[in-house]
*Asks:* 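If you scroll down you'll find the structure; I have some questions about it.
Chain naming here is simple, since letters A, B, ... match the order of the sequence lines and numbering starts at 1 in each.
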There are 2 protein chains.
Amino acid sequence: MAPCVGLSMASPEPGSGSIGEFVRRRRKANRLSQRDLGELAGVGTRFVSELERGKPTLRMDAVNKVLLVFGKVLSYTEAPREVDLEAGT
Amino acid sequence: MAPCVGLSMASPEPGSGSIGEFVRRRRKANRLSQRDLGELAGVGTRFVSELERGKPTLRMDAVNKVLLVFGKVLSYTEAPREVDLEAGT
DNA sequence: TGAATATGTTCCCGATCGGGAATATTTCAG
DNA sequence: CTGAAATATTCCCGATCGGGAACATATTCA
């Protein structure tokens with residue numbers, strides 16, 4: 001396995017878009033296939049696919065393995081507004 | 001279940017400390033027991049405990065349910081350095 | 001247009017999450 | 001110090017994740 005992907009530019013703010021979008025963007029920017037990324041991160045190809053497509057029930061440890069390839073880790077931010085509890089109104 | 005906890009101050013940056021620390025801080029600031037928070041979020045008491053103590057294999061959906069109580073959601077940030085791949089040296 | 005590659009979907013299945021409740025600890029006020 | 005409340009740990013167990021591989025599409029490019 002490669003030591004670490006060269007990576008080009010890094011996103012300034014913590015969450016421009018969903019995690020999945022970020023991963024896909026980065027993966028493509030680095031010309032990696034899902035399989036490649038999966039191997040680099042130590043997760044399966046299917047997982048990479050699910051992650052990029054926004055599956056919500058993924059486990060944090062696996063997600064972090066992928067994010068780490070791009071020098072990121074899971075964190076938290078302000079919720080997108082209105083999305084608090086279902087106690088809307 | 002209560003509509004939404006009042007919440008006091010909100011952390012400016014997206015990840016001052018671990019997610020678990022954040023949750024615990026917030027929970028206490030709002031005088032909630034783990035059981036209360038669990039009910040508010042719709043997760044079990046044990047889960048809240050594990051989350052606050054930093055268990056890494058938790059599922060994102062459940063974590064988000066808890067974070068949402070405090071108006072947050074999972075996101076990603078710069079990794080703490082050195083923590084990239086295991087390709088150290 | 002057709003082949004090659006990448007991505008998405010499905011299946012099998014062991015591993016483990018997460019709820020719930022009981023029990024052991026820890027924490028804290030009086 | 002003492003007892004109550006809160007938190008941590010353990011157990012049972014259904015539900016589902018995640019790896020791996022096969023197969024179906026979708027993309028890409030010459």
*Asks:* Let me know the distance between CZ of A:Arg53 and C1' of D:dA26, rounded to the nearest Å.
*Replies:* 12 Å
*Asks:* Measure CD/B:Glu39 against C1'/D:dA6 and give the value in whole Å, please.
*Replies:* 14 Å
*Asks:* With heavy-atom distances below 4.5 Å as the criterion, would you say the side chains of B:Leu37 and B:Val23 are in contact?
*Replies:* yes
*Asks:* If you take all heavy atoms of B:Phe47 and B:Ala62, which pair is closest and at what distance?
*Replies:* CZ-CB, 3.4 Å
*Asks:* Does B:Asn64 form a side-chain contact (heavy atoms from CB on, under 4.5 Å) with B:Leu67? I'd like the steps, not just the answer.
*Replies:* CA-CA 5 Å; B:Asn64 270 324; B:Leu67 287 177; 4.2 Å; yes
*Asks:* For C:dA6 and A:Arg27 - does any side-chain N or O of the residue sit under 4.0 Å from the phosphate oxygens OP1/OP2?
*Replies:* no
*Asks:* Would you compute the distance between atom OG of A:Ser75 and atom CD of B:Glu78 and round it to the nearest 0.5 angstrom?
*Replies:* 11.5 Å
*Asks:* Can you measure from CZ (B:Arg35) to OG (B:Ser49) and round to the nearest 0.5 angstrom?
*Replies:* 13.0 Å
*Asks:* State, yes or no, whether a side-chain contact exists between B:Met60 and A:Arg59 at a heavy-atom distance under 4.5 Å.
*Replies:* no
*Asks:* Among C:dG8, D:dT7, D:dT9, which is the nearest nucleotide to the side chain of A:Glu52?
*Replies:* C:dG8
*Asks:* Rounded to whole angstroms, how far apart are CG on B:Asn30 and C1' on D:dA6?
*Replies:* 17 Å
*Asks:* Does the protein touch nucleotides 10-21 of chain C at the base, only the backbone, or not at all? Give it as B, S and - per nucleotide, heavy atoms under 4.0 Å.
*Replies:* BB----SSBBB-
*Asks:* What is the distance from CD of A:Gln34 to P of D:dG20, rounded to the nearest Å?
*Replies:* 15 Å
*Asks:* Could you state the atom-to-atom distance from CZ of A:Arg35 to C1' of D:dC23 in whole Å?
*Replies:* 14 Å
*Asks:* Grab the CZ-P distance between B:Arg31 and C:dT27 for me, whole Å please.
*Replies:* 19 Å
*Asks:* Which nucleotide in the set D:dA8, C:dG8, C:dA6 lies at the smallest distance from any side-chain heavy atom of A:Arg24?
*Replies:* C:dG8
*Asks:* Measure the acute angle between the ring planes of B:Phe70 and B:Phe22, then classify it against the limits of 30° and 60° as parallel, tilted or perpendicular.
*Replies:* perpendicular
*Asks:* Please report the distance, rounded to the nearest Å, between NZ in A:Lys28 and P in C:dA6.
*Replies:* 11 Å
*Asks:* Can you check whether B:Ser33 has a side-chain N or O nearer than 4.0 Å to OP1 or OP2 of D:dA6?
*Replies:* no
